[in-house]
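Keep in mind that this is a model prediction, so the values were computed, not measured.
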Amino acid sequence: MPNRLAHETSPYLLQHAENPVDWRPWSDEAFEEARSRGVPVLLSVGYSSCHWCHVMAHESFEDAETAEYLNAHFVSVKVDREERPDVDAVYMEAVQAATGQGGWPMTVFLTPDAEPFYFGTYFPPRPRPGMPSFRQVLEGVRAAWSDRRDEVREVAGKIVRDLAGRTGIALGSGAPQPPGAEDMAAALMGLTREFDAVRGGFGGAPKFPPSMALEFLLRHYARTGSEGALQMVQATCEAMARGGIYDQLGGGFARYSVDAEWIVPHFEKMLYDNALLCRVYAHLWRATGSDLARRVALETADFLVREMRTEQGGFASALDADSDDGTGRHVEGAYYVWTPEQLREVLGEADAEQAAAYFGVTEDGTFDSDISRGRGGGASVLQLPDGAPPADAARLASVRERLLAARERRERPGRDDKIVAAWNGLAIAALAETGAYFDRPDLVEAATEAADLLVRLHMDTGGRLARTSLGGAVGGHAGVLEDYADVAEGFLALAAVSGEGVWVDFAGLLLDTVLHHFAAEDGTLFDTADDAEALIRRPQDPTDNAAPSGWTAAAGALLSYAAVSGSSRHREAAERALVVVRALGGRVPRFIGWGLAVAEALLDGPREVAVVGPDDDPGTRALHRAALLATAPGAVIAVGAPGSEEVPLLEGRVLLEGRPAAYVCRHFTCDAPTDDVAALTARLGG
């Protein structure tokens with residue numbers, strides 16, 4: 001019989017609905033049952049495309065004997081970290097404080113008052129050197145709870161008090177200043193020290209796409225002309241695009257590379273990674289005209305629309321890393337890797353030989369796996385290694401087409417169809433800009449449909465957001481700060497591209513909610529609203545993780561909205577939020593990249609561009625395109641007919657002797673209008 005997860009809207013929870021474990025979703029009822037039975041709570045947190053979550057599920061949660069023990073001695077609660085990032089953040093902080101590391105699946109044992117007292121991540125079904133089995137952990141926790149309950153509660157209370165003591169990031173008294181040029185220079189030096197000049201990226205293995213840091217470096221280059229900043233972006237973007245982390249057949253990026261050379265990915269594909277990287281490559285093309293950047297931006301955008309778009313018009317959260325390898329086993333990377341023999345089967349001898357040389361497919365393989373052993377040797381992840389022989393373009397296109405068609409016949413990785421508001425906001429911004437840059441109205445249309453879905457399904461008339469939906473049904477979880485910030489960012493980018501001022505209005509509604517419900521009196525920002533469910537502490541973190549933090553994303557959206565609306569209230573809130581960048585930018589620039597990028601926009605103004613003219617006039621379109629292609633950091637653009645009052649930035653802007661005109665402003669103080677595209681480009685640093 002299905003357990004109590006059967007009616008949830010999270011695909012991750014639904015994956016566990018048939019487990020013999022009597023799982024419950026996070027709820028008051030679960031903890032009330034633990035109190036009434038006098039047993040501890042097992043909290044298990046993961047997400048649908050998490051490889052080790054699947055492993056632990058198969059080994060332990062699908063095992064009848066383990067389930068029987070759990071059901072007898074614990075109340076078991078399953079949480080999707082993507083659906084409840086607040087729960088994940090609070091208990092992950094406890095895990096990291098107690099063990100010095102974290103990850104998923106996250107395994108935490110709680111008192112019936114939700115206080116944590118024992119922590120871990122993955123536990124195997126049998127003991128390993130230095131690691132107990134999951135059953136041993138369960139038995140040890142049960143014994144401690146039965147024999148030393150007062151001691152356990154004392155430990156749990158101390159942990160909660162310690163966590164509460166960490167709450168609150170102070171920005172200082174008086175009027176602390178937002179970051180200045182010297183802070184940006186210090187951040188650049190910090191990134192330069194960590195830059196891998198040989199292989200691109202920052203740090204060693206595992207290597208994650210540094211999307212937010214790359215955006216900062218592009219904006220820093222635009223503001224200062226620093227060639228070193230640009231070279232780090234170019235080297236990293238080329239290394240990723242040539243590596244196995246990038247899908248050389250279908251486009252799109254995997255979550256990270258397990259090695260320092262970008263060769264072997266962890267194969268899951270996340271919406272947020274691909275949205276952020278699509279935008280980075282589009283902005284790199286805008287800055288340099290790079291053919292590689294153009295190709296990758298468009299291929300990634302096409303991947304998003306082709307493989308991540310749902311029937312409702314939004315974008316799914318993730319593609320799994322695992323799929324059937326053809327023998328009935330679910331294996332990581334099975335969908336993506338190739339052996340020489342498999343190439344020969346699809347392409348024939350001659351084309352297979354060239355494809356193997358071009359994509360780095362070897363007899364020994366580049367992926368340590370048993371996927372294809374016994375069928376032609378080791379498997380390889382497709383890449384474009386240095387020194388690969390040049391290929392005839394038409395022949396290469398044919399090879400790619402045939403390999404992609406053959407791959408489509410394999411079992412596809414599972415897709416998490418859950419729509420997360422924040423990540424859809426990132427996708428809206430990326431697709432709108434990429435579509436505008438490369439004359440792809442279909443991409444702008446896809447962005448618009450996703451924005452329509454968020455307004456129609458996720459947003460209420462009071463400006464409150466639901467975080468997730470599935471199949472057109474909204475999940476029962478309130479949006480967190482990143483949802484409001486990233487959706488507002490997406491709406492403002494869409495408004496700049498489409499000229500539809502309604503998106504500015506929707507962004508303003510969301511950002512007013514941020515100021516009313518997420519901001520403290522001193523300007524610091526919390527990840528959850530002041531009326532959200534109370535946890536053991538209210539999470540608050542300004543640092544980037546896989547995507548921009550809600551804090552810095554809100555600062556960026558507030559700054560852009562202030563620039564297009566003229567609101568000093570929103571600008572002051574953005575400046576106040578950016579004070580944290582002064583403290584962190586020079587010390588940990590990799591982990592506050594989006595805050596640094598927003599600070600670059602603040603230092604540049606940001607510049608405000610109003611383009612007025614009939615929408616069917618070629619002059620209007622040319623000026624609008626020139627504004628969109630400008631590299632001025634964080635430039636805000638509004639376009640509309642003369643006399644338009646849809647967007648405050650357009651108010652009072654008139655034609656120039658009857659011709660379409662562009663106004664370049666800072667703080668709503670404008671230079672003389674121009675109707676000359678070259679002059680506008682020069683003013684905006686394009």
Side-chain angles (χ1 to χ4, degrees), residues 211 215 251-252 270-283 285-286 294 296-317 417 419-459 465 469 482-510 547-548 553 556-557 560-561 564 615 621 624-625 627-629 634-640 646-647:
S211 308
E215 189 66 44
M270 310 303 295
L271 176 59
Y272 49 76
D273 282 321
N274 284 284
L276 290 164
L277 287 167
C278 178
R279 206 176 184 191
V280 165
Y281 279 89
H283 289 172
W285 171 83
R286 184 175 64 178
R294 180 184 190 278
V296 173
L298 284 169
E299 288 178 354
T300 305
D302 285 335
F303 156 76
L304 287 172
V305 173
R306 182 183 68 249
E307 297 194 34
M308 303 294 279
R309 200 175 187 195
T310 70
E311 291 182 5
Q312 293 75 36
F315 291 90
S317 297
D417 281 342
I419 291 173
V420 175
W423 306 346
N424 273 257
L426 297 175
I428 289 164
L431 292 172
E433 291 182 351
T434 303
Y437 297 166
F438 303 118
D439 195 23
R440 287 282 303 275
D442 59 311
L443 298 179
V444 178
E445 179 60 27
T448 303
E449 290 186 13
D452 284 337
L453 177 69
L454 291 180
V455 171
R456 185 175 71 253
L457 190 61
H458 284 243
M459 189 173 171
L465 273 175
S469 66
E482 70 163 352
D483 293 304
Y484 288 86
D486 290 337
V487 171
E489 171 83 11
F491 286 174
L492 291 168
L494 184 57
V497 165
S498 67
E500 296 179 3
V502 65
W503 300 116
V504 175
D505 296 336
F506 284 134
L509 195 59
L510 294 174
S560 295
Y561 180 75
V564 79
D615 60 6
R621 291 197 294 270
H624 184 208
R625 179 169 177 78
L628 291 169
L629 294 180
V636 170
I637 299 155
V639 59
E646 260 199 310
V647 177

Enquirer: Is there a side-chain contact (heavy atoms from CB on, under 4.5 Å) between Leu454 and Met459 once you walk through the steps?
Expert: CA-CA 6 Å; Leu454 291 180; Met459 189 173 171; over 6 Å; no
Enquirer: Do the side chains of His624 and Ile637 get nearer than 4.5 Å, heavy atoms only?
Expert: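 A side-chain contact exists here, since the closest heavy-atom pair is under 4.5 Å.
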Enquirer: If only atom types and distance count, is the side chain of Arg279 paired as donor or acceptor with the main-chain N or O of Ala427 below 3.5 Å?
Expert: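 No; judged by distance alone, with no hydrogens or angles, the pair does not exist.
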Enquirer: With side chains defined as the heavy atoms from C-beta onward, is the minimum distance between Arg440 and Leu298 less than 4.5 Å?
Expert: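 They are in contact (side-chain heavy atoms under 4.5 Å apart), so the answer is yes.
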Enquirer: Do Thr434 and Tyr281 have side-chain heavy atoms sitting under 4.5 Å apart?
Expert: no
Enquirer: Can you confirm whether Asp302 sits close enough to Leu443 that some side-chain heavy atom of one is under 4.5 Å from a side-chain heavy atom of the other?
Expert: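 They are in side-chain contact.
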Enquirer: Decide yes or no for Leu271 and Leu304: does some side-chain heavy atom of the first lie under 4.5 Å from some side-chain heavy atom of the second?
Expert: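 A side-chain contact exists here, since the closest heavy-atom pair is under 4.5 Å.
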Enquirer: Are Cys278 and Val280 side-chain neighbours, meaning at least one heavy-atom pair lies under 4.5 Å?
Expert: no
Enquirer: Taking side chain as C-beta onward, heavy atoms only, is Arg309 less than 4.5 Å from Glu449?
Expert: yes
Enquirer: When you look at His458 and Val487, which way does the side-chain contact (heavy atoms from CB on, under 4.5 Å) test go after all the steps?
Expert: CA-CA 11 Å; His458 284 243; Val487 171; over 6 Å; no
Enquirer: Check side chain to side chain contact (heavy atoms under 4.5 Å, CB included) between Ser317 and all other residues, then give those that pass, not counting sequence neighbours.
Expert: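 Side chain to side chain contact (heavy atoms under 4.5 Å, CB included) check on Ser317 returns Glu82, Asp416, Lys418, Val420, Trp423.
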Enquirer: Could you list the residues that satisfy ring pair (Phe, Tyr, Trp, His ring centres under 6.0 Å) with Tyr437, not counting sequence neighbours?
Expert: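 Here no residue qualifies.
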Enquirer: Has the side chain of Asp486 got a donor or acceptor atom that lies under 3.5 Å from a matching backbone atom of Leu426?
Expert: no
